[in-house]
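Both backbone and side-chain heavy atoms feed into the values below; hydrogens, waters and symmetry mates do not. In this text, all values refer to a predicted model and were calculated from it rather than measured experimentally. Letters A, B, ... are given to chains in the order of the sequence lines, protein chains preceding strands, and every chain is numbered from 1.
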2 protein chains.
Amino acid sequence: MSATRRRAPGGRDESRPHEPGTPATPVIPEATVARLPVYLRALTALADAGTTTCSSEELATAAGVNSAKLRKDLSYLGSYGTRGVGYDVEYLRYQIAREIGVTQDWPVVIVGIGNLGHALANFSGFRSRGFRIVALLDAAPERQQEEVAGLRVRGFDEVDALVAEHQVAIGVIATPAAAAQAVCDRLVTAGVTSILNFAPTVLAVPEGVDVRKVDLSIELQILAYHEQRKAHAAPIPGEGLDRVEESA
Amino acid sequence: MSATRRRAPGGRDESRPHEPGTPATPVIPEATVARLPVYLRALTALADAGTTTCSSEELATAAGVNSAKLRKDLSYLGSYGTRGVGYDVEYLRYQIAREIGVTQDWPVVIVGIGNLGHALANFSGFRSRGFRIVALLDAAPERQQEEVAGLRVRGFDEVDALVAEHQVAIGVIATPAAAAQAVCDRLVTAGVTSILNFAPTVLAVPEGVDVRKVDLSIELQILAYHEQRKAHAAPIPGEGLDRVEESA
DNA sequence: ACGAGTTTGTTCTCCAGTTCACAAACTCCT
DNA sequence: AGGAGTTTGTGAACTGGAGAACAAACTCGT
């Protein structure tokens with residue numbers, strides 16, 4: 001299976017192991033996909049710091065993972081490193097970006113311009129990664145007067161026209177839980193096929209639509225569980241301010 | 001492929017390596033812990049709707065999981081159901097809440113009162129689940145004049161006093177990435193042992209401190225990857241190398 | 001009281017993901 | 001050129017979790 005294709009030594013973009021019309025589907029594991037953005041960020045940081053080459057060990061440390069896992073993850077994309085040397089930061093950065101799809105422009109709509117919607121609209125991390133917010137939608141008429149992050153808030157009934165006009169594939173739901181499913185249904189009908197859901201509810205979507213949820217209170221509850229655990233297992237009932245780091 | 005080698009018959013002892021000195025360690029799998037808050041919310045919704053009893057099938061549907069998985073998850077907590085009947089909604093809700101720890105009061109500090117910090121401070125889902133925001137901290141002096149969600153924003157240098165005073169174990173970081181590690185270090189020094197990180201950076205913490213991260217742009221990037229995939233596998237075998245996303 | 005029907009709790013099997021370990025491949029030094 | 005030193009890429013074992021299947025335990029009707 002391993003197509004031992006040789007690359008010209010030192011050639012950055014000389015021979016592309018990835019043909020432009022690749023018919024094969026590399027089938028990258030889901031867990032790896034979730035880590036690729038982390039690697040991408042670490043590589044960008046390294047590039048900004050002037051680093052041109054890095055080993056899997058360095059990059060793994062920067063990304064907070066184990067180096068073996070990093071290498072295995074990268075191996076799903078192809079052989080972009082050089083044995084005995086490491087990875088070319090810029091080259092690898094581009095390859096990961098291309099694989100994830102952030103070299104393209106992704107128009108995004110945000111629905112629900114409350115506190116969270118405001119924060120999301122103003123979040124700079126979206127635009128810098130290829131996500132362009134093309135519309136902010138809210139059902140409340142009083143919000144539609146506002147201008148947020150340089151965009152006028154529009155009525156939710158404009159969703160079909162806006163999604164069609166900008167070819168929006170990704171929608172962000174930041175509404176109250178009660179409205180989320182209805183909003184989701186409308187988005188899907190309008191043509192959105194990927195949804196990032198901040199509302200604390202489980203969304204039902206048809207086949208072919210991806211949903212990812214970000215749930216703030218769930219994250220805190222998971223922390224609380226472990227915190228409670230620590231408290232129970234704490235041998236020192238006093239004010240243990242000093243913590244011991246010991247190898248298990 | 002060839003069948004993976006099964007366990008040597010009789011070779012390994014099947015006795016649990018369970019220490020007899022730790023009687024109260026139910027060792028709940030991490031994946032289960034992450035789902036318990038979802039079950040809790042589903043149960044609360046059922047209770048609000050007046051339901052007093054539910055089957056694993058009903059609850060699983062409400063939580064968006066498979067019923068076998070739900071039952072297995074609940075079995076780690078104990079036998080709180082009745083065969084042939086189902087689960088008492090209120091009783092199970094309490095048991096899960098107790099297991100997670102949300103029956104207690106968890107004081108929380110939020111550091112970084114920008115757009116996101118504002119939204120988090122105003123998020124009602126925290127207080128309703130036992131998380132009490134006791135302080136909002138920000139390094140910028142101009143923000144310290146503000147009052148957000150009924151709390152005056154305080155300077156970050158008050159962190160030690162506030163954490164000690166309210167016995168804060170959980171901290172939320174909503175600062176820019178550049179400040180996150182320094183803030184994290186200060187929080188840990190002050191006594192915080194669980195951190196929810198919204199800053200787009202990898203935090204290094206000593207042993208015994210838990211970190212969970214919520215990364216908005218990573219979530220979008222994961223969606224973009226799958227979206228790109230869908231586009232490539234599009235039913236229309238045209239020449240469109242750019243994103244052609246019409247499912248008319 | 002007893003059998004039929006229902007639903008939980010648990011066991012078993014399977015799969016994805018992680019980690020280990022090492023050959024292959026590259027650079028550098030002599 | 002050749003050997004020593006590095007570092008990648010990957011086969012293989014190992015771990016944890018998911019799902020199917022089923023016995024145990026309960027209710028209800030007769």
Side-chain angles (χ1 to χ4, degrees), chain A residues 1-12 14-15 17 26-36 38-39 51-61 63-89 91-92 95-96 248, chain B residues 1-9 11-12 14 16-17 26-36 38-39 51-61 63-89 91-92 95-96:
Chain A
M1 261 78 79
S2 61
T4 55
R5 47 166 68 87
R6 303 177 56 87
R7 301 206 306 110
R12 291 187 308 230
E14 207 260 341
S15 71
V27 70
I28 299 178
E30 199 48 42
T32 297
V33 171
R35 281 187 295 267
L36 290 180
V38 180
Y39 303 153
T51 311
T52 59
T53 300
C54 71
S55 67
S56 64
E57 197 69 52
E58 289 173 81
L59 184 53
T61 301
V65 301
N66 166 313
S67 71
K69 182 155 38 175
L70 172 81
R71 288 201 300 278
K72 176 143 266 193
D73 283 342
L74 294 184
S75 76
Y76 291 116
L77 309 190
S79 292
Y80 294 136
T82 308
R83 301 183 185 206
V85 179
Y87 300 93
D88 180 283
V89 170
Y91 180 62
L92 182 59
Q95 293 298 339
I96 293 179
Chain B
M1 296 306 180
S2 64
T4 53
R5 195 169 67 85
R6 298 171 200 276
R7 289 180 188 282
R12 289 291 179 186
E14 61 192 48
R16 245 182 230 170
V27 67
I28 299 178
E30 200 48 41
T32 296
V33 171
R35 281 187 295 265
L36 290 180
V38 181
Y39 303 154
T51 311
T52 60
T53 299
C54 71
S55 68
S56 65
E57 197 68 53
E58 289 174 81
L59 183 53
T61 302
V65 302
N66 166 312
S67 71
K69 184 157 37 175
L70 171 80
R71 288 200 300 278
K72 195 173 205 178
D73 284 341
L74 295 184
S75 75
Y76 291 116
L77 310 190
S79 292
Y80 295 135
T82 307
R83 302 182 185 205
V85 178
Y87 301 94
D88 181 282
V89 170
Y91 180 62
L92 182 58
Q95 292 299 340
I96 293 179

Considering only side-chain heavy atoms of [X], which listed nucleotide, [options], is closest?
{"X": "B/A31", "options": "D/dG17, C/dG9, D/dA20", "answer": "D/dG17"}
{"X": "A/R83", "options": "D/dG19, D/dT8, D/dG17", "answer": "D/dT8"}
{"X": "A/A68", "options": "D/dT8, C/dC20, C/dT10", "answer": "C/dC20"}
{"X": "B/K69", "options": "D/dG9, D/dG19, C/dT10", "answer": "D/dG19"}
{"X": "A/R71", "options": "C/dT8, C/dC22, C/dT18", "answer": "C/dC22"}

Sorted by position of nearest nucleotide on DNA chain D, 5' first, the leading residue of B/T82 and A/S56 is A/S56
At less than 4.0 Å, is any side-chain N or O atom of B/Y76 found next to OP1 or OP2 of D/dG16? Yes or no. no
Whole angstrom value for the distance that separates [atom2] of [N] from [atom1] of [X]:
{"X": "B/E30", "N": "D/dA18", "atom1": "CD", "atom2": "C1'", "answer": "16 Å"}
{"X": "B/I28", "N": "D/dG16", "atom1": "CD1", "atom2": "P", "answer": "16 Å"}
{"X": "A/L92", "N": "D/dT7", "atom1": "CG", "atom2": "C1'", "answer": "14 Å"}
{"X": "A/L70", "N": "C/dG17", "atom1": "CG", "atom2": "C1'", "answer": "15 Å"}
{"X": "B/Y80", "N": "C/dG9", "atom1": "OH", "atom2": "C1'", "answer": "14 Å"}
{"X": "A/L74", "N": "C/dT18", "atom1": "CG", "atom2": "P", "answer": "14 Å"}

Checking only heavy atoms, does the side chain of B/K72 share a donor-acceptor pair with the base of D/dG17 at less than 3.5 Å? no
For a quick test of reading the model, state the closest non-hydrogen atom pair linking A/L74 to A/L92 and the distance between them. CD1-CD2, 3.9 Å
Show the nearest heavy-atom pair for residues A/R71 and A/Y87, with the distance to one decimal. CG-OH, 4.0 Å
Nearest nucleotide by nearest heavy atom, which residue falls closer to the 5' end of DNA chain C, A/V85 or A/R35? A/R35
Heavy-atom nearest nucleotide on DNA chain C for A/D73 versus A/G84: which residue maps closer to 5'? A/D73
Pick base, sugar-phosphate or nothing for A/E57, based on heavy-atom distances below 4.0 Å to the nucleic acid. nothing
Would you say that A/T61 contacts A/E58 through its side chain, given a criterion of any heavy-atom pair below 4.5 Å between the two side chains? no
Compare all side-chain heavy atoms of B/V65 with those of B/Y39 and state whether any distance is below 4.5 angstrom. yes
So which of A/L36, A/I28, A/V27 actually passes side-chain contact (heavy atoms from CB on, under 4.5 Å) with A/Y76? A/I28
